[in-house]
Amino acid sequence: MRRSHLALLVVMSAGWATSGFGQEAKAPKPPAGAAHPGSANAAVSGAYAFRTYCASCHGTDGKGEGPLAEDLRFHPPDLTLIAKRSGGEFPAEKVARIVDGRSPLKGHGGPDMPVWGDAFRNADTGYDDASVKAKIRGIVDYLKTLQTR
């Protein structure tokens with residue numbers, strides 16, 4: 001009887017040793033089919049991220065009429081006019097920097113807008129800056145689709 005207990009203990013110990021028990025946890029890998037910038041899934045996840053994080057202030061249509069807009073110190077801008085205000089070209093890199101907020105552009109964004117670059121650096125993104133940038137790129141790509149002609 002003691003031999004079977006000892007054998008069970010050895011098998012369990014070997015399993016723990018090979019499973020990484022007691023080692024530092026690694027960030028989970030993104031699921032198969034996860035959104036990659038430029039893919040149809042990225043457009044969907046960009047729209048989802050916009051609705052989740054931006055629409056409360058900027059509105060679901062991006063025109064600045066979200067449910068929290070009246071409570072803000074400054075009214076959120078109409079995001080459908082970004083290209084129009086920039087001479088007809090959508091300034092994707094500039095918009096990405098504004099959304100990210102960690103390297104602010106003078107006169108854009110501001111203290112009332114969250115620093116999404118820091119907020120997105122969490123367990124969902126595996127604390128990975130490339131994943132944060134991909135999430136921001138998805139929002140920027142979605143904003144580009146909202147532009148008035």
Side-chain angles (χ1 to χ4, degrees), residues 8 11-149:
L8 180 62
V11 170
M12 289 175 59
S13 296
W16 282 336
T18 59
S19 70
F21 180 76
Q23 294 179 1
E24 186 176 318
K26 294 181 181 175
K29 293 182 179 180
H36 298 287
S39 71
N41 287 344
V44 171
S45 62
Y48 177 79
F50 180 85
R51 284 192 312 274
T52 303
Y53 302 105
C54 311
S56 57
C57 296
H58 294 282
T60 55
D61 60 0
K63 294 187 181 231
E65 300 300 330
L68 298 179
E70 290 182 17
D71 297 330
L72 299 174
R73 190 169 44 152
F74 299 105
H75 194 80
D78 184 340
L79 301 177
T80 67
L81 301 174
I82 295 171
K84 189 174 186 177
R85 290 182 185 139
S86 298
E89 292 292 321
F90 184 78
E93 292 308 312
K94 181 178 179 181
V95 173
R97 282 189 60 197
I98 293 168
V99 172
D100 184 305
R102 293 180 287 183
S103 300
L105 295 169
K106 190 172 182 169
H108 298 287
D112 292 334
M113 188 168 145
V115 177
W116 291 115
D118 287 339
F120 293 156
R121 193 174 173 92
N122 56 34
D124 290 343
T125 60
Y127 302 98
D128 176 49
D129 204 45
S131 297
V132 171
K133 288 179 188 226
K135 192 169 205 169
I136 290 170
R137 177 61 51 202
I139 293 170
V140 171
D141 290 347
Y142 177 68
L143 288 173
K144 190 172 184 179
T145 70
L146 296 181
Q147 300 310 293
T148 58
R149 307 267 175 226

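Computed over heavy atoms, backbone and side chain alike; hydrogens, waters and symmetry mates excluded.
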Distance (rounded to the nearest 0.5 Å) between [X] [atom1] and [Y] [atom2]:
X: T60; Y: L146; atom1: OG1; atom2: CG; result: 9.5 Å
X: E65; Y: D78; atom1: CD; atom2: CG; result: 8.5 Å
X: I139; Y: S45; atom1: CD1; atom2: OG; result: 9.0 Å
X: D100; Y: D118; atom1: CG; atom2: CG; result: 7.5 Å

Locate the shortest heavy-atom distance separating [X] from [Y]; write the atom from each residue and the value.
X: P76; Y: A69; answer: CD-CB, 3.8 Å
X: N122; Y: A119; answer: ND2-O, 3.1 Å
X: L68; Y: C57; answer: CB-SG, 4.4 Å
X: G117; Y: V132; answer: O-CG1, 3.6 Å
X: I82; Y: P91; answer: CG2-CD, 3.7 Å
X: R121; Y: D128; answer: NH1-C, 4.1 Å

Item checked: Pair R137 + E93, salt bridge at N-O below 4.0 Å ->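 Yes, this pair counts.
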Salt bridge or not between R102 and D129? Use side-chain N to carboxylate O under 4.0 Å.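 Looking at R102 and D129, the cut-off is met.
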field: Heavy-atom donor-acceptor pair, Q147 side chain to K84 backbone, under 3.5 Å
entry: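 No.
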Checklist entry - Got I98 and M113 here, is their nearest side-chain heavy-atom distance under 4.5 Å? => result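 SC-SC contact between I98 and M113 confirmed.
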*Residues in side-chain hydrogen bond (donor to acceptor under 3.5 Å, both in side chains) with T125, at least two apart?*
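Result, side-chain hydrogen bond (donor to acceptor under 3.5 Å, both in side chains) vs T125: none returned.
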Checklist entry - What residues, two or more places apart in sequence or in another chain, satisfy ring pair (Phe, Tyr, Trp, His ring centres under 6.0 Å) together with F120? => result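 Result, ring pair (Phe, Tyr, Trp, His ring centres under 6.0 Å) vs F120: Y53, W116.
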Which pairs pass ring-ring contact (aromatic ring centres under 6.0 Å, His included) with one or both residues in residues 58-103, sequence neighbours excluded?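 Every pair satisfying ring-ring contact (aromatic ring centres under 6.0 Å, His included) with a residue in residues 58-103: there are none.
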